[in-house]
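Please read all numbers here as calculations on a predicted model, not as lab measurements. Labels below follow one simple rule: chain letters A, B, ... track the order of the sequence lines, proteins then strands, and each chain is numbered from 1.
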Amino acid sequence: MKAAVRTGRRPPRPPPLAVAQTVARMKPEKAHVPLAPLLKSFKVRLANGPPLAPNSKTFKSYAETCASLLRLCRAAAIGNTTPACSSYFSSNLPLALSLHAHAVRAGVAADRSVASHLLTTYAAFARSAERDRAFRDCVAADAASSFTYDFMVSEYVKAGDIASARRLFDGMPERSVVSYTTMVDALMKRGCVADAVELYEQCPLGSVAFFTAMIAGFVRNELHQNALGIFHKMLSCSVRPNDITFVCVIKACVGAGEFGLAMSIVGLAIKSNFFEKNIEVQNYLITLYRRMGDAAAAFKVFDEMEVKDVVSWTALLDVFADSGDLDGARRVLHAMPERNVVSWATLIARYEQKGDAAEAVRLYCEMLADGCRPNISCFSSVLSASASLQDLRGGARIHAHTLKMGCSTNVFVSSSLIDMYCKSKKCSDAQRIFDSIPEKNIVCWNSLISGYSYNGKMVEAEDLFKKMPAKNSASWNTIVSGYVQNRQFIDALKSFNAMLASGQIPGKITFSSVLLACANLCSVEMGKMAHAKTIKLGVEESVFVGTALSDMYAKSGDLESSKRIFYQMPERNNVTWTAMIQGLAENGFAEESILLFEDMLATKTPPNEHTFLAILFACSHGGLVEKAIHYFETMQVWGISPKEKHYTCMVDVLARAGRLTEAEDLLMKTPSKSEANSWAALLSACSTYKNEEIGERAAKKLHELEKDNTAGYVLLSNMYASCGRWKDAAEMRLLLKGITLKKEGGCSWVQVRGEYHAFFSWEARHPLSLEIDEILDLLTWELSI
DNA sequence: ATAGGGTTAG
C-alpha cells in the first residue's frame with residue numbers, strides 16, 4: 001500500500017500464469033508482505049471464472065498454483081508464516097475448501113502434487129475425515145507417493161493410533177526408511193522395545209535419523225548398553241553421526257554410568273564443531289555439566305552461546321539453584337528476558353526440595369500474580385510443599401486450581417494430592433482422589449499406601465499393598481518403612497523377607513529401614529545378615545546404609561563394629577555423626593561422645609537439634625554439669641531453639657548434681673508445655689537430696705500433667721520416706737493402690753527358623769498360644785516331679 | 001531423531 005502511494009499508481013495486475021509461477025517458487029516460510037496482495041488478486045481471478053485455456057501446459061501450472069496455495073494455507077494453519085500472511089489466512093479453511101472444489105472442477109485434484117498438498121492441508125486443519133478421504137482418493141488415483149504413505153503413518157502416530165499406523169505401515173507397497181523411523185520411535189515411546197527391535201532388524205538400510213531414533217528409544221527405556229550397541233553398529237555401517245546422535249549417545253553414556261566416556265565424546269563433538277550453533281544441543285550441555293557438578297563449565301557454555309532462549313536461561317537458573325545458590329537462581333528468574341511456567345516451576349521445585357516449603361508456596365502465588373498459568377509440574381511441586389507444611393487450606397485451594405485446569409486426575413498431580421491430604425490427616429479425601437484416577441500408576445498406589453502408614457493405619461496400607469496390580473522397589477520400601485515407623489519391627493522384617501522371596505532386589509532405602517528394625521529388636525543376627533547383603537549388593541558405601549549399620553551395631557551394644565563402620569564410611573552427614581555420638585552416649589562413653597562431637601564441629605558439619613539432644617544426653621549420663629550448660633548455650637549460636645526434650649536433659653543433669661533450684665527455675669522457663677519426665681526427674685532428685693519443698697511442687701506439677709503417672713506416686717512416696725515422713729509415704733502408697741492404672745505391658749520375642757514370634761504380657765496374641773501354654777504346663781509338671 | 005522443571009520410599 002505504501003509503495004502504491006509513493007509511486008502514485010497501482011501495481012500492474014499480473015497475468016494468471018505469472019502469479020502461478022511466482023507463488024510456486026515461493027516457500028511458505030519465506031512468504032513475506034508482498035505476497036498477500038498477490039494472492040488476493042489471484043483469488044479474485046479464480047472467483048471470476050476460469051480464463052484459462054484447458055491445454056496441458058496451463059493445467060500443469062494451474063495444478064502447481066493450487067498446490068502452492070494449499071501449501072500456504074497449511075503453513076498458515078500451523079502458524080508457520082509471517083504475521084502479514086497469517087492475518088490474510090486467519091480464516092483460511094474456506095479458501096482451502098474453495099481451492100479444492102476448484103481443483104476438482106478443473107480436473108486436477110488427482111494431480112500428484114495437488115493431491116498430496118490437499119492431504120497435508122486437511123491434516124494441518126485437523127480435519128481428519130477430509131484428510132482420510134483425500135488419502136483414499138490419492139491411492140485410488142494412483143497418485144500416492146512414498147511421501148504420502150510416510151505422512152499418513154506419522155499422522156496416525158501423532159493421533160496416538162498406533163494400531164492404524166502399524167496396519168498402514170505393514171500394507172505399504174514399499175516401506176521407506178522414514179516410515180521405519182516413525183514406527184520405531186512410536187513403539188519406543190510406548191515402551192514396546194521388542195517390537196521396535198523387530199522392525200530394526202527388518203529394516204534393510206539405515207539413515208542417521210533411523211539409527212538415532214533407535215539410540216534415543218533405548219535411552220528412553222533406560223537400556224543404555226543397547227543404545228551404545230546401536231551406536232557401534234551405526235559406525236560399522238559407516239553412517240556418520242550428527243549432533244543429535246551425539247546428544248543421544250552422551251545420554252546413553254551418562255545413563256550407563258560411563259561418565260569418562262561421556263565427557264570424552266562431548267570433547268570430541270565440540271572439537272569437531274558438531275555442537276557449534278545448535279541451540280538445543282548447547283542447552284542440553286548446560287544441563288549435562290550441571291548434573292556432572294561442573295557449574296563453571298555450564299556457565300562457560302551459556303556465556304559462549306550466540307543465541308539464548310528461555311530454555312537456556314532456565315537451564316542457567318537451575319545451575320545456580322543446584323549449587324545451593326537459591327538467591328542467585330531467583331535473581332536469574334527476574335533478570336531473564338522472558339520467563340515461562342518451566343522457569344517458575346524449576347525454582348519452586350528447588351525451594352521445595354531444599355526444605356523451604358513456605359517459600360515454594362510464596363513463589364507459586366507470585367507466579368500466579370505474574371499472570372503465568374501453572375502446569376502439571378508446577379502443581380506437583382507446590383502440592384508437595386503444601387504437604388510438608390501440612391497446609392490443608394492452601395493445599396485444598398491448589399486442588400481447586402487443578403480442577404479448574406482439568407488436570408486433577410493426572411497421575412503426577414493426583415499422587416501429590418494424595419500425599420498432601422494424607423499429611424494433613426485426611427485419609428478419606430486421599431482415598432477419594434485415588435478412586436477418581438482413571439489410569440492409576442504405581443506411584444498413585446505407593447502414595448496412598450505411604451499415606452495410610454503415615455497415619456498409623458497399617459491395616460489399610462497392608463490391604464492396598466496386597467491388592468496392587470504390580471509392585472516396584474518403592475512399593476516394598478513403603479510398606480517396610482511403614483511398619484518401622486509404626487514400630488511394628490517384626491512385621492517390617494517379615495515384609496523384607498517377602499520382598500526377597502518375590503525376587504525384588506532391596507536397595508539402600510530398604511536397608512536403612514530394615515537395619516533400623518534390627519536395631520530396635522536388638523537382633524544382631526538379623527542385622528549381620530542384612531549387613532552381609534548390603535555388601536553383596538554393593539550398597540554399603542551409601543551414607544544412609546552406613547548410618548543405619550553403625551546405628552544398628554551401637555544399639556545392639558557392639559560398639560567396636562559400630563565405630564569401624566563409622567570410620568570406614570567414605571561420606572558422612574550430620575545424621576551419621578549424631579547416630580555415633582548418641583551410640584557412644586547411650587553405651588556410657590560420655591567423654592568419647594563429647595570428643596566426637598568436637599570432631600564433628602571441626603569437620604564443619606552443622607549439628608541439628610538431634611545432635612544437641614545426644615550430646616546433652618551424654619553430659620547428663622556422665623554427670624558433666626558445666627559441659628551440659630555450655631552446650632545448651634551453644635545451641636543458640638547455631639540458631640537452634642531447645643525443645644522439651646533438651647530441657648528434660650538439662651533438668652536431669654542439674655537435679656542429679658543437686659542443683660535443684662536451678663533445675664526448677666529452668667523448668668519454669670520452658671517455653672512450651674514441659675514433659676512429665678522432666679518433673680519426674682526433679683522429683684526423683686528431691687528424694688535423693690531430701691528436699692521436700694521443691695519435691696512437693698514437682699509432684700503437684702507432675703500430677704497436673706499426667707494424672708495416671710504411676711512413677712510420680714512412687715517417686716513422691718519414696719521422697720516422703722527419705723525425709724522420714726512415713727505417714728505421708730504410706731498415704732501415697734494407699735492412693736496408688738486405689739487408682740486403677742494402666743500398666744505398660746511387656747513384650748518378648750523369639751526367632752524360630754527365620755520367623756519372629758512375639759509374646760505380649762497383657763494378651764494372648766500369638767495364634768498358637770493355647771498349644772504353647774499346654775507345652776509349658778507339661779514342662780512345669782516335668783520339672784516338679 | 002535432540003534441549004529446561006515434576007509425584008512415592010530414607
Side-chain angles (χ1 to χ4, degrees), chain A residues 178 181-182 184-185 188-189 207-217 219-220 241-251 275 278-288 290 309-319 321-322 339-350 352-353 374-384 387 410-420 422 441-451 453-454 472-482 484-485 506-516 542-545 547-548 573 575:
Chain A
V178 177
T181 309
T182 314
V184 155
D185 183 50
M188 284 292 204
K189 277 181 182 153
S207 63
V208 202
F210 179 67
F211 281 116
T212 308
M214 281 303 290
I215 295 172
V219 170
R220 184 184 292 274
N242 62 16
D243 46 357
I244 300 167
T245 321
F246 276 123
V247 169
C248 298
V249 169
I250 291 161
K251 278 191 178 175
F275 291 168
N278 188 329
I279 187 164
E280 297 173 5
V281 172
Q282 290 180 314
N283 288 341
Y284 170 68
L285 280 182
I286 297 177
T287 302
L288 177 68
R290 170 176 67 75
D309 63 1
V310 217
V311 181
S312 332
W313 282 94
T314 309
L316 179 76
L317 181 157
D318 213 7
V319 177
D322 209 25
R339 53 184 161 271
N340 62 15
V341 221
V342 182
S343 328
W344 284 101
T346 306
L347 197 57
I348 291 173
R350 291 294 179 217
E352 199 279 318
Q353 286 156 4
N375 67 2
I376 289 167
S377 308
C378 235
F379 282 133
S380 312
S381 303
V382 78
L383 281 169
S384 173
N410 168 280
V411 284
F412 279 93
V413 174
S414 43
S415 296
S416 309
L417 279 171
I418 290 171
D419 186 43
M420 188 273 293
C422 286
N441 69 6
I442 282 197
V443 181
C444 304
W445 286 87
N446 291 350
S447 300
L448 191 58
I449 293 171
S450 140
S453 322
Y454 180 84
N472 63 7
S473 60
S475 321
W476 287 101
N477 291 342
T478 307
I479 200 79
V480 171
S481 91
V484 172
Q485 277 162 30
K508 46 191 179 189
I509 296 163
T510 328
F511 281 113
S512 48
S513 297
V514 167
L515 290 166
L516 190 59
S542 142
V543 207
F544 290 113
V545 174
T547 306
N573 63 19
V575 184

*Select base, sugar-phosphate, or nothing to describe what A:S450 touches, counting heavy atoms under 4.0 Å on all strands.*
sugar-phosphate
*asked:* Any base atoms under 4.0 Å from A:N441, or only sugar-phosphate, or nothing? Heavy atoms, all strands.
replied: nothing
*asked:* What's A:S377 touching, base or sugar-phosphate or nothing? Going by heavy atoms closer than 4.0 Å.
replied: base
*From the 5' end of DNA chain B to its 3' end, which nucleotides mark the outer limits of contact with chain A, defined by a 4.0 Å heavy-atom distance cut-off (strictly under)?*
B:dA1 to B:dG10
*Taking only residues two or more places apart in sequence, or in another chain, which ones meet A:W344 in a ring pair (Phe, Tyr, Trp, His ring centres under 6.0 Å)?*
none
*Across the strands shown, which category fits A:R220 at heavy-atom distances under 4.0 angstrom: base, sugar-phosphate, nothing?*
sugar-phosphate
_Checking A:Y284 now: which residues fulfil ring pair (Phe, Tyr, Trp, His ring centres under 6.0 Å) with it, not counting sequence neighbours?_
none
*Contacts of A:S513 that satisfy side chain to side chain donor-acceptor pair (under 3.5 Å) - sequence neighbours left out*: none
*Determine the contact category for A:D243: base if any of its heavy atoms lies under 4.0 Å from a base atom, sugar-phosphate if only primed atoms, P, OP1 or OP2 are that close, otherwise nothing.*
nothing
_Under 3.5 Å, is there a donor on one side chain and an acceptor on the other for A:D309 and A:S312?_
yes
*Please identify each residue that fulfils side chain to side chain donor-acceptor pair (under 3.5 Å) with A:D243, with sequence neighbours left out.*
A:N278
*Under the side chain to side chain donor-acceptor pair (under 3.5 Å) test, residues paired with A:Q485 that sit two or more places apart*: none
_Taking any heavy-atom pair under 4.0 Å as a contact, classify A:A474: base, sugar-phosphate, or nothing._
base
